[in-house]
Amino acid sequence: MESVILQIAARHMRPLLVILSLVVLYRGHNEPGGGFIGGLMLGTAYILYAMAFGVAKTQSRFVFSPLNLTALGLLIAVISGLPALIAGAPFMTGGWVTLFADTVMELKLGTPLIFDVGVYLTVAGMLMLVMFSIMEE
Amino acid sequence: MTTGLFITLLLLLSFLAPFTRKYLRGAAGWIYAIFPLAGLIYYLTLLPAINDGRIILESYRWIDIYGINFSFYIDGFSILFSLIVLGIGTFILIYAGKYMQTYPMQGRFMAYLILFMASMQGVVVSGNLITLFVFWELTSISSYMLIGYYHEKPEARMAALQALLITGFGGLALLGGFILLGIPYGTYELSAIFANPDVIKQSPLYLPALILILIGAFTKSAQFPFHFWLPGAMAAPSPVSAFLHSATMVKAGVFLLARLSPVMGGTELWHVLLTVFGGFTMVAGAWLSITQTDLKRILAYTTVSALGTLVLLIGTGTQYAMNAAIIFLLVHALYKGTLFLMAGNIEKMSGTRDINKLGGLYKSMPFAAIIMTLALVSMAGIPPMLGFIGKELIYESAVFAPTAKYLILIAAFFTNTVLVFLSLRLSLDVFWGHRPAYTKQPYEPYFALLVGPFLLVLGSLLLGLFPKMLAEPLTGSAITAISPGHDAVGLKLWHGLNMALLLSILTLIAGVLAYRFKVVFIGYSGGINVRYFAREFAKGFTSAMDAFLLYTKTQTKRIQHGYHRYYLMTVFTVASVLVWVMIWRTDPIVLELNFSEMPLNLVAVLVLIVAAALSAVVSHSRVIALIAMGVIGFGITIIFIAYSGVDLAITMVMVEVLMVILAVAVLYHLPGYQKYSETGARMRDGLVAALVGSFMMVLVLHAGTSQMGVPISDFFKETSYTEAFGRNIVNVILVDYRALDTLGEITVIAIAALGIFSMIKLTKKVKS
């Protein structure tokens, strides 16, 4: 399946989709979005790429293989629950800090966001893991 | 230092052993041995305080609401046992460091061995029944690893599995027994239970608790009819056998019985069960050992016999019996540890363990010969070894036994005669007499292989020579701990002319006679033979396991048939039928259908969805069916958007896109479209589909009209921003309120992905 149109499209879509997935991930707490949808988008970005250039080439670009990405996501999700334990609260109690308060750059960061990153990576990882093994056939 | 810290250190050492072994080289055994030695010294320093009647308690919170704590309870009995475990453990580690030097995976071996020691140490100092249970199971697991250490040998794997299954089964029974025991007390703390020992005896739970606990103890301590796993366990390397037989594992059952005897003991039932099973095991073990020819197997059966003796003594429960139990425990630990280590030495140095192929080894290893013979003197119960005092006490307690006195006397006499016979055989037939041609030239074992046995046997000798000075302080408070109200009787080598001494002399004569006519003796007992006993039990157990496996396999095959379509059908049918029944039985269904408020454009979408669904069903092309499914999906997406479920809509779009990609990837591999199913099968599938569809529809309509209490969504709406700092309620629920659920879900996703991944990889490998 060598298609120039698909290849050019995939090459330019991939970074855009990755950025979009990150935006969706971050805004998820207040606006529609979140780790699950973001993860699906991230996975789709690379699946599109793999459809255009083949699985082998796509995987050669990864620092983390899809398998490791899934594991990493789970690890991050679990770790996000630990600060609460250290503080003496039940596992996974949300904790928040606000950076640059009352400025344009105001940034709210919390353990639920870290947890969402874990979901994001797990979902993307599992999607790629499954799709790549099917597409490799 | 405290007990909790000490056990933690041992566990840590076990964890580190695989990583440190290769850097420590030959010194590994010596360095690891420092840890149990330190513990030994620590408990020795506690001994004076304990002998003054103090009890040391230590507790760490674990699961408060169930009253489960990591508690330690240290009295004279725990100390005595700790000293045995750690003392022998020290020598075992030194010995193992040298003995295993030529084997692969020594780091791992050391790790298991230290874990084994740590868990046994945990058992003997536990102050909470559940803590005890945890360590108890740890001994089972670590011994499984050790027995099966030569995992390339099928018999080692078999023996390990057999030991694990039997002690594991016993462990389950024990847990049940502990829980029942805890109910009338409302706590699992030993200190609280010991404070009111009679509560359980007046409770109706006494009988079941007793039986379950006895099953646990009997399986662990290899009592008849569970005795067969112990001789099998000699498949383990020699240091493990020495440890397992002398100080750990099998002693745990005896430990438990003695520990609980102030609470559970003293009743008729306790007395009868322990005496009968213990007595029978004692005789059977001795009997079976006569005809064995493998050094380790001979020793293994004498262990079975010794364990029977201990159970019998604890069951008898008189002052003499409890004294005898404690002393014999110590005696047995010292000589059995030595003998197994020496058996390992003999095998290593001469290349065989078969007693018929051994002889005349004294010339090659005189020092080893002396050590082993001294240990055998203790086993035979000849002065001045501690074994003599132990045997005298056993005879005393038999003479003063409240019931079945003569039966016990005869059993004890027989057993001790066999021990004398075996001592003569193991010493004379191995080190003296005819010297056969050895495959390799035997020579004196290395220092590390002899130091442990030597010091243990020296201990036996010194304790026997100076019972007042050394043995009494060690054992006195142990005896009072397990039999309150009974004092320790004074220990001495010379008891005066009495019944026990007479029996001792008779035993010796009988033993020597048996040895003199050993060909006749062995031949005669061989005639009645082992075959009626041991092998049949092991075989029976194996075939029972096989039958069980076969049964489960057939069962599983019926349910796990491997057809995905039937799994789906089962799940759908069961779910929808159950819900239909529920709906049917609760409220009359009120369907308030009101189309008037519905915008016209949505009606159009709905019509489109229905049309697409119909065309998917009747279509003869996969591509068309897929497109139709896509239309349904996007139609639903539009409905989500219309009712401002943006999150759902985005997800739905993503899912639809992925479905297409997936289908494209798979479509290529599918065979051409054919008509696979019969009309009947299609009707059935249609029926299932209709059932599921209608149930979902009714459920949704029903949920809209029925109101059960305040919906929880109000709570989320109110608190989402104020408490969780998020305006997107769906997301806040996912990552904050119900984060644990989500964690579970992504774990499932990851596992499913792994499953798909390995399944595909596997089929690829099979193909290529």
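Reminder, nothing fancy here: chain letters follow the sequence lines and each chain counts from 1. Computation of the quantities below employed the complete heavy-atom set of this structure, encompassing side-chain atoms and omitting hydrogens, waters and symmetry-equivalent molecules. Keep in mind that this is a model prediction, so the values were computed, not measured.
For chain B, the nearby parts of A/Leu40 are the backbone and the side chain; heavy atoms of each come within less than 4.5 Å. Neither the backbone nor the side chain of B/Leu648 comes within contact range of chain A, judged by heavy atoms closer than 4.5 Å. Looking at A/Leu127, the atoms closer than 4.5 Å to chain B (heavy atoms on both sides) all sit in the side chain, from C-beta outward. Interface residue A/Val78: backbone and side-chain heavy atoms are both found under 4.5 Å from chain B.
No more than 12 heavy-atom neighbours from other residues, nucleotides or ligands sit within 6.0 angstrom of CZ on B/Phe15. Enclosure of atom NE2 in B/His564 is not indicated, since only 12 or fewer non-hydrogen atoms of other residues, nucleotides or ligands lie within 6.0 angstrom. For A/Phe62, the CZ atom is densely surrounded, since the number of other residues' heavy atoms within 6.0 Å is greater than 12. Within a 6.0 Å sphere centred on CD1 of A/Ile5, heavy atoms belonging to other residues, nucleotides or ligands number 12 at most. The number of heavy-atom neighbours closer than 6.0 Å to OH of B/Tyr66, taken from other residues, nucleotides and ligands shown, is 12 or below. At most 12 heavy atoms of other shown residues, nucleotides or ligands fall within 6.0 angstrom of atom CE in B/Met629.
Comparing B/Val655, B/Ile756, B/Leu658 by how many heavy-atom pairs each has under 4.5 Å with chain A, the most go to B/Leu658. Contact count against chain A (heavy-atom pairs under 4.5 Å) is highest for B/Leu743 among B/Val653, B/Val646, B/Leu743. For the set A/Thr44, A/Leu129, A/Thr70, the entry with the most heavy-atom pairs within less than 4.5 Å of chain B is A/Leu129.
Atoms CD1 and CZ, on B/Ile746 and A/Phe115 in that order, are 5.0 Å from each other to the nearest 0.5 Å. With rounding to the nearest 0.5 Å, the separation of CE in A/Met135 from CG in B/Leu662 is 10.0 Å. In this structure, the separation between CD1 on B/Ile661 and CD1 on A/Ile134 is 11.5 Å, given to the nearest 0.5 Å.
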Determine, step by step, whether B/Ile650 and A/Val24 satisfy the side-chain contact (heavy atoms from CB on, under 4.5 Å) criterion, reporting the C-alpha distance in whole Å, the side-chain angles of both residues, the deciding distance to 0.1 Å, and the verdict. CA-CA 10 Å; B/Ile650 300 177; A/Val24 169; 5.9 Å; no
Start with the C-alpha distance between B/Ile749 and A/Phe36, add both sets of side-chain angles, then the distance that settles side-chain contact (heavy atoms from CB on, under 4.5 Å), and finish with yes or no. CA-CA 11 Å; B/Ile749 285 179; A/Phe36 190 80; 4.3 Å; yes
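In terms of heavy atoms, B/Ala750 sits closest to A/Thr122 at CB-CG2, 4.3 Å.
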